[in-house]
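All values below were derived from every heavy atom in this structure, side-chain atoms included, with hydrogens, water molecules and symmetry-related copies excluded. Convention: sequence-line order gives letters A, B, ...; per-chain numbering from 1.
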Amino acid sequence: SQKIEQNSEALNIQEGKTATLTCNYTNYSPAYLQWYRQDPGRGPVFLLLIRENEKEKRKERLKVTFDTTLKQSLFHITASQPADSATYLCALEGETGANNLFFGTGTRLTVIP
Amino acid sequence: GAVVSQHPSWVICKSGTSVKIECRSLDFQATTMFWYRQFPKQSLMLMATSNEGSKATYEQGVEKDKFLINHASLTLSTLTVTSAHPEDSSFYICSATRGTTSTDTQYFGPGTRLTVL
C-alpha cells in the first residue's frame, strides 16, 4: 500500500518568509496529488491539485511542485502570515484509481509574527 | 461554494451505546460521500466510501457491522457507531464530491468529536 511521509511534524517560520513543506510517497505513482489545510478541530479544506504531467502549479501565494522521479511534492507559501498557521496535509489518490484519497500525517506550520 | 455539515459536532456517550453521525451536503448533490477517522496527531484514515442508493465500500480493517453507513439520498449520509467502546473515541470527518471521478474535489465537513466513556 502507499506510504506517504511529510517532512516534519512541525515547522516554525518567521512572518514574511517562505514556508516549504515536503510530501514523499513510496510505491505506485499517483496520477495526481492534492494539498489540504486543516485547522484544529475542523475538517480539511482543499487548496491545490497537481497532476503527474504538471511540474508546478500556483494559486496566489501558494506553489506546488510534483516530481514523479523523486516521488515528491513540495508545497510553498510565500510571504507567510500568522493566519497561514495550520496543519497542511498532502493526499494521493487510491491505488486503484478510485476516487478515494489517502492522507499524509500532516505538517503543523506556525508563522511567528 | 460547496458546504458540507455534520451533526452533532461533538458527542459523549457511554460504552455499549450506539451513536449516529449525520453528514449533509447543503448546496449540492453529493454522488459520493466518504467517512474518515482521525486520532490525535495522526492522519485522516479513510473508513468507507458510499454512493447514494448502494452499499458502502469499507476499507480493510474497518468492521462494517460496527460502523453502519447509510447513504439514503444525494444530500445525506449517516454513520452509526454501534456498541461504541472507548477505543472508538476519535474525530470522525465526512466529505462529499459532486462526481465520481478521482479528481473531483472532496468537500469536508467540520468533523464530529466522539468520546466514549
Inset, instruction - Measure Tyr36(B) against the heavy atoms of chain A and call it side chain, backbone, both or neither at under 4.5 Å. - result: side chain
Inset, instruction - Measure from NZ or CZ of Arg51(A) to the centre of the six-membered ring of Tyr32(A), then state whether that distance is under 6.0 Å and the direction lies within 45° of the axis. - result: no
Legend entry - Portion of Gln38(A) that has a non-hydrogen atom of chain B nearer than 4.5 angstrom: side chain
Inset, instruction - With a 4.5 angstrom heavy-atom cut-off, could you sort out which part of Ile93(B) is near chain A: side chain, backbone, both or neither? - result: side chain
Inset, instruction - Please test Ser77(B) against His71(B) for side chain to side chain donor-acceptor pair (under 3.5 Å), starting from the C-alpha separation and ending with a verdict. - result: CA-CA 4 Å; Ser77(B) 176; His71(B) 193 162; 4.7 Å; no
Inset, instruction - Go through the atoms of Gln6(B) and report whether side chain, backbone, both or neither lie under 4.5 Å from a heavy atom of chain A. - result: neither
Legend entry - Residue, of Val45(A), Thr105(A), Thr87(A), Leu89(A), that accumulates the most heavy atom pairs under 4.5 Å with chain B: Thr105(A)
Legend entry - Residues Lys17(A), Glu15(A): salt bridge by 4.0 Å N-O rule: no
Inset, instruction - Could you check if a side-chain atom of Met45(B) sits within less than 4.5 angstrom of a side-chain atom of Gln38(B), using non-hydrogen atoms only? - result: no
Inset, instruction - For the pair Lys55(A) and Asp67(A), find out whether any cationic side-chain nitrogen is under 4.0 Å from an anionic carboxylate oxygen. - result: no
